[in-house]
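Reviewing the structure listed below.
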Number of protein chains: 2
Amino acid sequence: MHTLAEENYLKAIFKLSQITENVSTNQIAAELATKASSVTDMLRKLAEKLLINYTRYQGVSLTQTGEKVAINIIRRHRLWEYFLVEKLHFKWDEVHDMAEEMEHISSNELIDRLDEFMGFPSRDPHGDPIPDNKGNFKKNDLKPISAVDVNICGIISGVKDHSTAFLQYLEKQGLTIGKKITVKEIITYDNAVILQMENKDIQISRDVAINLLIAL
Amino acid sequence: MHTLAEENYLKAIFKLSQITENVSTNQIAAELATKASSVTDMLRKLAEKLLINYTRYQGVSLTQTGEKVAINIIRRHRLWEYFLVEKLHFKWDEVHDMAEEMEHISSNELIDRLDEFMGFPSRDPHGDPIPDNKGNFKKNDLKPISAVDVNICGIISGVKDHSTAFLQYLEKQGLTIGKKITVKEIITYDNAVILQMENKDIQISRDVAINLLIAL
DNA sequence: TATTTTTTTTAGGCTTGTCTAAATTTACAA
DNA sequence: TTGTAAATTTAGACAAGCCTAAAAAAAATA
């Protein structure tokens, strides 16, 4: 259907579109760890295939078709992550790179059956919603801890940063999905946050607070 | 580790090596539906990487390293086929192309866990033995029906031809793995074979008899 | 507004893996 | 043993995707 490179570009553009309406060449280059000139080449190709809206120097957005393709890749990625953690017992910080390869397996029938086999899970191991086979999925209504007030409590439900390093840090602190936490104090000096979890106090930096999401 | 193209060449060479000691350029070209000149290019590359023994005009064989890689690809392919049939309930004639993609997922840890998850199966849905994670696997001691005498009985245990068309034909005739059959008669005129299975007689052509394997 | 900086695109090249056409080597047959 | 056919390799080209360096456009700043 689409090449591996094309799929990776569409996924990157989709991801960046969540933050800014129009995505710039440099943003894509940074996301994919490639050069701006390579991005320009690919954008011309994707535009020709009607997967993106592109005018020179103006940045890009996905067409409806492009968005459908991107969401399908995300669906595949998240279902495979769920499979790796729930069925093969990998840890949540080990599955990203494998799923990155597996998401390019092309059969939709395969993915639909995998979905059914696992009982139609709604979130992957990092708390991200899994699109259904029509491409529908709930917007994340999760809030970064950095955005809530003192004395608010909630359930750890997702992460913004998916890096192994961050996930391993959370694991070590016990800050895993499903845990109930309360924001006890925000240090005005450096915006560090003190959480209460299971009657213990845990201090996290602002960086961590920005990347750790809770459901209220 | 190795590129997709390299892996496909190694697999093809391994398969052809089962039949003839030294594999020719044209044989590989036919197996991979490509041109002899493309094969020559790749052979030089694989020889440089010490995966094959190659001297110009003399055909190739796998080195020990090359064979290890090839067997690993076959292990991955057969485990994924088993997964697709046993866990996702695909039919045996539907899984080949999907497994062809999945066999290139690179993580060995993933494959070992998949193996464990499924209870270390010893044969794939087509009766082919699955190598263990050390690369050991039993040689197939199966015989094509075309090679057994009248009145001999056995269990259908494998196929030589893995094409969808052949598998669908067998399915329709009920000639599936595990079924017990007896060779009743061999027609001298065209070498067609009459089998008895579950008290019914089934006639198969010589072509089918060559490609259908039984355990005695 | 003019100038500088940043962003983006173009131009030209490289690698992988493919192809066709031509040359070469090997195999077979008279 | 020599000539022809078949198999194989080489030569040269092409597409996809990437790169660097240079040019062009847009944005920021004086």
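Order of the sequence lines fixes the chain letters, A, B, ..., with proteins taken first and strands second; residue numbering starts at 1 for each chain. On a predicted model such as this, the values are computed, not experimentally measured, just so you know.
- Scanning for side-chain hydrogen bond (donor to acceptor under 3.5 Å, both in side chains) contacts around B/Arg78 gives an empty result, with sequence neighbours left out.
- Ionic pairing of B/Asp112 and B/Arg75 is present here: one or more N-O contacts between side-chain nitrogen and carboxylate oxygen are shorter than 4.0 angstrom.
- A/Arg44 forms no cation-pi arrangement with A/Tyr54, by the criterion of a distance under 6.0 Å to the ring centre and an angle within 45° of the ring axis.
- Contact annotation: A/Ser38 does not reach the phosphate of D/dC18 (side-chain N/O to OP1 or OP2, under 4.0 Å).
- Here D/dC18 presents its P atom at 13 Å from NZ of A/Lys35, a figure rounded to the nearest Å.
- D/dC14 atom P lies 16 Å from atom CG of B/Asp41, rounded to whole Å.
- Residues of residues 47-55 of chain B that place a heavy atom closer than 4.0 Å to DNA chain D, in numerical order, are B/Tyr54.
- At the heavy-atom level, A/Ala36 lies under 4.0 Å from base atoms of the strands shown.
- For B/Ser37 and C/dT20, a side-chain-to-base donor-acceptor distance below 3.5 Å is present, hydrogens and geometry of angles not being considered.
- Straight-line distance from the CE atom of A/Met42 to the C1' atom of D/dC18: 10 Å, rounded to whole Å.
- The listed nucleotides are C/dT8, D/dC18, D/dT10; the one nearest the side chain of A/Thr40 is C/dT8.
- Ion pairing between a basic and an acidic side chain is recognised when a charged N comes within 4.0 Å of a carboxylate O; A/Glu100 and A/Arg76 show no such pairing.
- As a whole-Å value, the separation of A/Glu6 CD from D/dC18 C1' is 15 Å.
- Residues from residues 8-34 of chain A lying near DNA chain D, meaning a heavy-atom separation below 4.0 Å, are A/Tyr9, A/Thr34 in numerical order.
- Contact annotation: A/Arg56 side-chain N/O to C/dT7 OP1/OP2 distance is not under 4.0 Å.
- Between A/His126 and A/His96, the ring center distance fails the sub-6.0 Å criterion.
- Other residues, nucleotides and ligands place more than 12 heavy atoms under 6.0 Å from the CD atom of B/Gln18.
- B/Arg44 has its CZ atom 15 Å from the P atom of C/dT15, to the nearest Å.
- In this structure, A/Leu43 places its CG atom 16 Å from P of D/dA16, rounding to the nearest Å.
- The cationic atom of B/Lys87 (NZ for Lys, CZ for Arg) lies less than 6.0 Å from the six-membered ring centre of B/Phe117 and within 45° of the ring axis.
- Two rings, from B/Tyr9 and B/Phe14, have their centers 6.0 Å or more apart.
- No option in B/Val208, B/Leu195, B/Ile186 other than B/Leu195 meets the side chain to side chain contact (heavy atoms under 4.5 Å, CB included) test with B/Ile145.
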